[in-house]
Colleague: 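Sending over a structure as structure tokens; questions will come in a sec.
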2 protein chains.
Amino acid sequence: MSTAAATRRGVPEASVARLPVYLRALAALADEGTESVSSEELAAAAGVSSAKLRKDLSHLGSYGVRGVGYDVERLASEIATALGLTQDWPVAIVGMGNLGRALAAYRGFAERGFRVIALLDRDPRVVGERVSGSRVRPMADLAALVEGEGLAIGVIATPPESAQEACDALVAAGVRSVLNFAPVVLTVPDAVVVRKVDLSTELQILAFHGQRLAVAEAVAP
Amino acid sequence: MSTAAATRRGVPEASVARLPVYLRALAALADEGTESVSSEELAAAAGVSSAKLRKDLSHLGSYGVRGVGYDVERLASEIATALGLTQDWPVAIVGMGNLGRALAAYRGFAERGFRVIALLDRDPRVVGERVSGSRVRPMADLAALVEGEGLAIGVIATPPESAQEACDALVAAGVRSVLNFAPVVLTVPDAVVVRKVDLSTELQILAFHGQRLAVAEAVAP
DNA sequence: ATATGTGAAATTATTCACAGCT
DNA sequence: AGCTGTGAATAATTTCACATAT
């Protein structure tokens, strides 16, 4: 099986979710001038076991050298290719409340190669306002953004009540990838991929573990 | 095995991660006055299969009625208890950059019962400033916050370079639960639980799937 | 000598399908 | 008659351990 085939055919979801972490660790190593790295070292930097790292990388192809390790630049480039980061992924942020404005000001998108090409809001009182140097656009512009500018990823930063509506508008315009910050479950066609970022879910999971720790300590201090 | 024992002994991690979603769906049902719900309905609202929902709930105990379904209030209360949400979880946010300020202004913490009791920054020029009605405090205050106010959860909103330092300070002060927004892997002792929220990782996962979809469509449009 | 890549084993998670209870 | 709770079956993921390549 060729590398390209391996990439297109299934890379397990759990592996995909870790590739960005490896990529970041590799970028840090490259920054400090490291040229070669072993699976043990890279795994430590990424916070996983070396066996897991090697298994993950094996789904992309065979880019290491036995007895030596991995070339940092090469591996970073292969992971970036597997993730599809060699192409452009124009992003639009929908919902210009507190969160939307914070995201619009966030530099992390651009740093990772995601170009924010539009900020949108459904409220006519917000449309036209300048946020982080861009004019806020109406939802009706979505179709043109997909057609004309290749808009590929929609970020939903609306209040929960309007998140599904925002999502429907994105999907209707042809967006196939959605990052949802609203604390609701979105309904989308099969062809659309949704990822969720949810603060309060994370806090609740922490509460669960915090409670477990407290109980464990009470039993065996 | 008693319910309490079931809760304390392992609820699978994958189930724990879904409990907050069920809780939110139940809250929405309660809001609209629904008193009883079947696993099928609740599962649909939470975006999972009914078998998965029932299996997840079975780890908490047996709170449904065969042939009938679940009492919405009761189930919500049981899940809240399992998650440890009946107790107070004081939160501190470390790092008063853009993200830290956005988080400080975010109402979602309080709505879910997480009380933000302190905002901190290591920069003396920021300490003392007022953010969202609170005075920003120095890192040296952490120990007193844990001792005196029961600080339990630390939110790291610093730049990546200082995230480990912030984390170390939290852990040294006695915080056992950390929510990390900085795009770095944190090193902590076993007794500390870290959850990560990472925008660019999520975007990269979307890019991977977007690429897959594009390829699939090219092959079979 | 050393570190990768990978089958095989072990563990964890999901789905199936139905017995058991209301 | 209907819906939960759960063993059993299946699938996914992780870990082990070593043959293989340099």
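First the proteins, then the strands, lettered A, B, ... as listed; each starts at 1.
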Colleague: Are there more than 12 heavy atoms of other residues, nucleotides or ligands under 6.0 Å from atom CD of A:Q87?
Modeller: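 Atom CD in A:Q87 is crowded, with more than 12 foreign heavy atoms closer than 6.0 Å.
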Colleague: Any side-chain N or O of A:R54 under 4.0 Å from OP1/OP2 of D:dC18?
Modeller: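 False: A:R54 side-chain N/O out of range (4.0 Å or more) of D:dC18 OP1/OP2.
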Colleague: Got a salt bridge between B:R24 and A:D198, using NZ or NE/NH1/NH2 to carboxylate O under 4.0 Å?
Modeller: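 Yes, this pair counts.
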Colleague: Below the 4.0 Å mark, does D:dC3 have OP1 or OP2 next to a side-chain nitrogen or oxygen of B:S39?
Modeller: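 Looking at the OP1 and OP2 atoms of D:dC3, neither is under 4.0 Å from any side-chain N or O of B:S39.
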Colleague: Can you measure B:H59 atom NE2 to C:dT12 atom P for me and round it to whole angstrom units?
Modeller: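 Taking NE2 of B:H59 and P of C:dT12, I get 12 Å after rounding.
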Colleague: Mind calculating the distance between OH (B:Y63) and P (D:dG5) to the nearest angstrom?
Modeller: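 Computing the B:Y63:OH to D:dG5:P distance gives 10 Å.
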Colleague: Quick one: A:D56 CG to C:dT6 P, roughly how many Å, whole number?
Modeller: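 Distance, rounded to whole Å: 13 Å.
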Colleague: Rounded off to whole Å, could you give me the CG-to-P distance for the B:D71 and D:dT4 pair?
Modeller: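 B:D71 atom CG is separated from D:dT4 atom P by 13 Å.
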Colleague: Could you walk me through whether A:R195 and A:E13 pass the salt bridge (charged side-chain N to carboxylate O under 4.0 Å, His left out) test, one step at a time?
Modeller: CA-CA 12 Å; A:R195 302 276 314 177; A:E13 188 57 35; 3.6 Å; yes
Colleague: Roughly, in whole Å, what's the span from CD in A:E41 to C1' in C:dT2?
Modeller: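 Spelled out: CD on A:E41 to C1' on C:dT2 is 12 Å.
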Colleague: Take the protein atom CD of A:E40 and the nucleotide atom C1' of D:dT15, then report the distance between them rounded to whole Å.
Modeller: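 It is 13 Å, rounded to the nearest whole Å.
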Colleague: For A:L60 and C:dG5, give me the distance from atom CG to atom P, rounded to whole Å.
Modeller: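 Interatomic distance, CG of A:L60 to P of C:dG5: 10 Å.
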Colleague: Classify B:S49 by what it touches in the nucleic acid, base, sugar-phosphate, or nothing, heavy-atom distance under 4.0 Å.
Modeller: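 If one applies the 4.0 Å heavy-atom cut-off, B:S49 turns out to touch the sugar-phosphate alone, with no base involved.
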Colleague: Does A:Y70 put a side-chain nitrogen or oxygen below 4.0 Å from OP1 or OP2 of C:dG5?
Modeller: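 Yes, because at least one side-chain N or O of A:Y70 sits under 4.0 Å from OP1 or OP2 of C:dG5.
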Colleague: Using a 6.0 Å cut-off, check whether atom CD of B:E149 has over 12 heavy atoms from anything other than its own residue.
Modeller: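 Yes, because the 6.0 Å sphere around CD of B:E149 holds more than 12 heavy atoms from other groups.
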Colleague: From C:dT15, D:dT4, C:dG5, pick the nucleotide closest to the side chain of B:R66?
Modeller: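 In terms of side-chain proximity for B:R66, the closest of C:dT15, D:dT4, C:dG5 is D:dT4.
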Colleague: So which one's nearest nucleotide on DNA chain D is more toward 5', A:S15 or A:V65?
Modeller: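 It is A:S15, whose closest nucleotide lies nearer the 5' terminus.
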Colleague: What's the NZ-P distance between A:K52 and C:dT12, to the nearest Å?
Modeller: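 The distance from NZ of A:K52 to P of C:dT12 comes to 12 Å, rounded to the nearest Å.
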Colleague: If you only use heavy atoms from C-beta on, which nucleotide in C:dG5, C:dC16, D:dC16 is closest to the side chain of B:A51?
Modeller: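 So the nucleotide nearest the side chain must be C:dC16.
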Colleague: Which comes earlier along DNA chain D counting from the 5' end, the contact point of B:L57 or that of A:E13, where each point is its nearest nucleotide?
Modeller: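 Between the two, 5'-proximity favours B:L57.
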Colleague: Taking atom CD as the centre, does A:E40 end up with more than 12 heavy-atom neighbours from other residues, nucleotides or ligands that are less than 6.0 angstrom away?
Modeller: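 It does not: A:E40 CD has 12 such atoms or fewer within range.
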Colleague: Please compare B:K55 and A:V68 by the position of their nearest nucleotide in DNA chain C and report the one closer to 5'.
Modeller: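 The residue whose closest nucleotide sits nearer the 5' end is A:V68.
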